[in-house]
Amino acid sequence: MRKSLIFLLPLFVWTTLTAQNSYQNPVIPGYHPDPSVCRVGDDYYLVNSSFEYFPGVPLFHSKDLVNWKQIGHCLTRESQIPLQDIPASMGIFAPTIRYHEGTFYMITTNVTKGGNFYVYTNDPYGEWSEPIYVRQGGIDPSLYFEDGKCYLVSNPENQIMLSEIDITTGELLTEPRSIWGGTGGRYPEGPHLYKKDNWYYLLISEGGTEYGHKVTIARSRSIYGPYESNPANPILTHIDANAQTNPIQGTGHADFIQVHDGSWWVVFLAFRPQSGTHHLLGRETFLAPVEWKEGEWPVINGGEPIQLEMQAKTLPLQPFQTPESRTWFNDKERNVEWNYLRNPHLSNYHWPENGALRLKATPVQLDDLASPTFIGRRQQHINFQATTAIRLKKGKEQDEAGLTVYMRDHYHYDILIKQVENGKQTLNLRYHIGNLIHTEKEIPVQAEQLYVRVTGENDWYRFSYSEDGVTYQEIGKMDTRLLSTETAGGFTGIMLGLYATSASPDSQAEAEIEWFDYQPAR
């Protein structure tokens, strides 16, 4: 026994050191763009943009910047986040989260309804305030606190503009002043201000949130400028030859954080291409170390490209319990990763304490710029498997319920149960790509409950079904590229959604769904 312990001790030490000297990117996989982070002691909080999905602005907590757990959303009420009838990829753009004197502030833009606003709370696990709107335009607003004052930066007219605001009312105390226009890249955006070594640093993104995305920085002795550009700009980009074959692309929209051991880090967005130069998961949240010597410019990851497997000394890792692969829909409060499309009609959803989630079929379709009966969670892995069991009850002809691989309106693949004539049902596989709508397969089924599955791969989504939950039969496959951002456009990523629709306004049809299983492929 003693020999065994002696043998195992070096292995234990090596494993611990490895866990603290390397980590995997992305740290928050799937559609989680525009990250912003703040620190409270040894706790870290991070937010992402959410566009047309409700609730808005997912909120995460971490102890080490590597392991993150979603604890809720900042915008949970329609009064905070009106999204009625908005187009895809509009709504809530990039947020910033900051902590000041016991209060959390989250500022963002509803680009369709209202413009720039912020909410606040003393408890990030609780509810946030009603929105306070600010007059300064542009997108990607950020707050900076110093000496009892609060400053706002955003990017109206492709310039980074600065004003002082009253944080209690949102009133502008000074007129916005242009402080920097970037290095010449298109769309200078995502500004954040920091102060270090008596320098004010202004971090922004340029180049558009695509393959040419990059992070640049300038500094000044005065908060109002003039700001001088870093001669080494951009300080983060994968547009150059040294990263042209990197599995991570589109690096940009960053936020610095100094952690409680004194080291500096940066969170930023990027995407992982698949099937050539296409990406489907959306822009994800990545992490890299920063060297920031006194009086000098920050250097991200030693100036080297970002990798999926990062070699860097981290904070002591404090992982959360691995979530179960299966979601049970009898605990609405725990299912924080699930979202509605736009402001939901909650009467169409019944979340049970016991039993199945019931989705009421309505005439609002997945392609309508309204709120269909839909709940979805993010696809987070290129290779994955998702399975659920669906009953369609009380259906009239053309009522349907199913599982959708959903990028946006007019771009989704659906495996669904449809009510047909004489009280019978069929299992259908359908694609909707732009103006092309086609039912690829239609199979008569007898079982009251059907198990449906989608398996994701680099180039294909494969669809299968089972009547007993044991033996699955593949019924077709669809090209991943046709749902990619490069094909469909927009700023989001794939949602795996459950939905119910009807051809009749007086339909009583309901989909009953007890569970949803999602797991990465081994």
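All values below come from the heavy atoms of this structure, side chains included, with hydrogens, waters and symmetry mates left out.
In terms of modelled atom types and a separation under 3.5 Å, the side chain of Ser371 and the main chain of Asn343 share a donor-acceptor contact. Proximity of a side-chain donor or acceptor of Asn110 to a complementary backbone N or O of Thr112 within less than 3.5 Å is detected. Side-chain atoms of Gln80 come within 3.5 Å of backbone atoms of Arg77 as a donor-acceptor pair (strictly under, hydrogens ignored). Remark: side-chain polar atoms of Glu52 are paired, donor with acceptor, to backbone N or O of Ser89 under 3.5 angstrom. Using a distance-only test at 3.5 Å, with no hydrogens or angles considered, no donor-acceptor pair links the side chain of Ser62 to the main chain of Tyr44. Judged by distance alone, the side chain of Thr373 and the main-chain N or O of Lys360 form a donor-acceptor pair under 3.5 Å. With hydrogens and angles ignored, the 3.5 Å screen pairs a side-chain donor or acceptor of Ser50 with a backbone N or O of Val57. Although no hydrogens or angles enter the test, the distance criterion places a donor-acceptor pair under 3.5 Å between the side chain of Lys113 and the main chain of Gln84. Asn246 contributes no side-chain N or O that, together with a main-chain N or O of His238, makes up a donor-acceptor pair within less than 3.5 Å. Remark: the backbone N or O of Thr277 is paired with a side-chain donor or acceptor of Tyr211 at under 3.5 angstrom.
Remark: Ser142 OG to His192 NE2 distance equals 5.0 Å, nearest 0.5 Å. Between atom SG of residue Cys150 and atom CG of residue Leu173 there is a gap of 9.0 Å, rounded to the nearest 0.5 Å. Atom CG of Asp255 is separated from atom CG of Leu46 by 8.5 Å, given to the nearest 0.5 angstrom. Atom-to-atom distance recorded for His253:NE2 and Leu269:CG is 6.5 Å, nearest 0.5 angstrom. With rounding to the nearest 0.5 Å, the separation of CD1 in Ile248 from NE2 in His279 is 13.5 Å. In this structure, the separation between OG on Ser49 and OH on Tyr31 is 6.0 Å, given to the nearest 0.5 Å.
Closest approach of Ile86 to Leu369, counting heavy atoms only: O-CD2, 4.0 Å. Across every non-hydrogen atom of Asp409 and Ala88, the tightest pair is OD1-CB, 3.3 Å. When all heavy atoms of Gln136 and Leu172 are compared, the closest pair comes out as N-CD1, 3.9 Å. Ile300 approaches Ala288 most closely through the heavy-atom pair CG2-CB, 4.0 Å. Contact between Arg408 and Ala488 at its shortest, heavy atoms only, is NH1-O, 3.2 Å. The two residues Gln380 and Pro29 have their closest heavy-atom pair at NE2-O, 3.0 Å.
Using a cut-off of 4.0 Å between Lys/Arg side-chain N and Asp/Glu carboxylate O, Arg481 and Asp479 are scored as salt-bridged. Comment: Arg186 does not engage Glu206 in a salt bridge, judged by the lack of any side-chain N to carboxylate O separation of less than 4.0 angstrom. Ionic pairing of Arg378 and Glu337 is not present here: no N-O contact between side-chain nitrogen and carboxylate oxygen is shorter than 4.0 angstrom. Salt-bridge formation is not detected for the pair Asp197/Arg219: no Lys NZ or Arg NE/NH1/NH2 atom is positioned less than 4.0 Å from an Asp or Glu carboxylate oxygen. We find that Lys63 and Asp43 are joined by a salt bridge, their nearest charged nitrogen and carboxylate oxygen being less than 4.0 Å apart.
Remark: Arg377 is positioned above the aromatic ring of Tyr518, its terminal NZ or CZ atom under 6.0 angstrom from the ring centre and at most 45 degrees off the axis.
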Check the pair His412 / Tyr431 against ring pair (Phe, Tyr, Trp, His ring centres under 6.0 Å), numbers first and verdict last. CA-CA 6 Å; His412 48 92; Tyr431 64 75; over 10 Å; no
Take Thr121 and Asp123, measure what side chain to side chain donor-acceptor pair (under 3.5 Å) needs, and give me the verdict at the end. CA-CA 5 Å; Thr121 186; Asp123 177 13; 6.0 Å; no
Asn458 and Thr480: CA distance, side-chain angles, deciding distance, side chain to side chain donor-acceptor pair (under 3.5 Å) verdict: CA-CA 7 Å; Asn458 190 65; Thr480 56; over 6 Å; no
Please step through salt bridge (charged side-chain N to carboxylate O under 4.0 Å, His left out) for the pair Arg135 and Glu175, ending with a clear verdict. CA-CA 10 Å; Arg135 183 163 55 85; Glu175 284 301 309; 3.1 Å; yes
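Residues Asp414 and Thr404 have side chains that bring a donor and an acceptor to within less than 3.5 angstrom of each other. Looking only at atom types and distance, the side chain of Thr327 has no donor-acceptor partner in the side chain of Asn335 under 3.5 Å away. Ser178 and Trp180 share no donor-acceptor pair across their side chains, judged by distance under 3.5 Å alone. For Gln244 and Gln249, the side-chain atoms include no donor-acceptor pair closer than 3.5 Å. His432 and Asp367 are linked by a side-chain donor-acceptor pair at a separation below 3.5 angstrom, with hydrogens and angles left out of the test. A side-chain donor from one of Thr103 and Asn122 sits under 3.5 Å from a side-chain acceptor of the other. A donor-acceptor contact under 3.5 angstrom links the side chains of Ser79 and Glu130, judged on distance only. A donor and an acceptor atom, one from each side chain of Gln379 and Tyr461, are located under 3.5 Å apart.
Side-chain contact between Ile179 and Tyr200: absent, with no pair of heavy atoms (C-beta onward) separated by less than 4.5 Å. Leu482 places a side-chain heavy atom less than 4.5 Å from the side chain of Tyr413. At least one side-chain heavy atom of Pro191 sits under 4.5 Å from a side-chain heavy atom of Leu202. Arg177 has its side chain out of reach of Met161: every pair of non-hydrogen atoms, C-beta onward, lies at least 4.5 Å apart. A heavy-atom distance below 4.5 Å is not found between the side chains of Lys149 and Ile167. No side-chain heavy atom of Thr76 sits less than 4.5 Å from a side-chain heavy atom of Trp128. Using a 4.5 Å heavy-atom threshold, the side chains of Thr168 and Ile132 count as separate. When side chains are defined from C-beta on, Met106 does not count as touching Tyr120, because their heavy atoms never get closer than 4.5 Å.
Remark: aromatic rings of Phe329 and Trp338 are close, center separation under 6.0 Å. Ring centroid separation for the pair Tyr194 and Tyr201 does not come in under the 6.0 Å cut-off. With ring centers used as reference points, Phe374 lies under 6.0 Å from Tyr406. Between Tyr133 and Phe117, the distance from one ring center to the other falls under 6.0 angstrom. For an aromatic pair to be called close, the ring centres must be under 6.0 Å apart, and Phe286 with Phe271 fails this. For Phe256 and Trp292, the ring centers are positioned less than 6.0 Å apart. For Phe51 and Phe93, the ring centers sit closer than 6.0 Å to each other.
Here the rule is side-chain contact (heavy atoms from CB on, under 4.5 Å) with Leu280, and of Ile382, Leu483, Val405 only Leu483 fits it. With Ile375 as reference, Leu357 is the one residue of Asn339, Leu357, Leu341 to meet the side-chain contact (heavy atoms from CB on, under 4.5 Å) rule.
Around atom CD of Glu157, no more than 12 heavy atoms belonging to other residues, nucleotides or ligands sit under 6.0 Å away.
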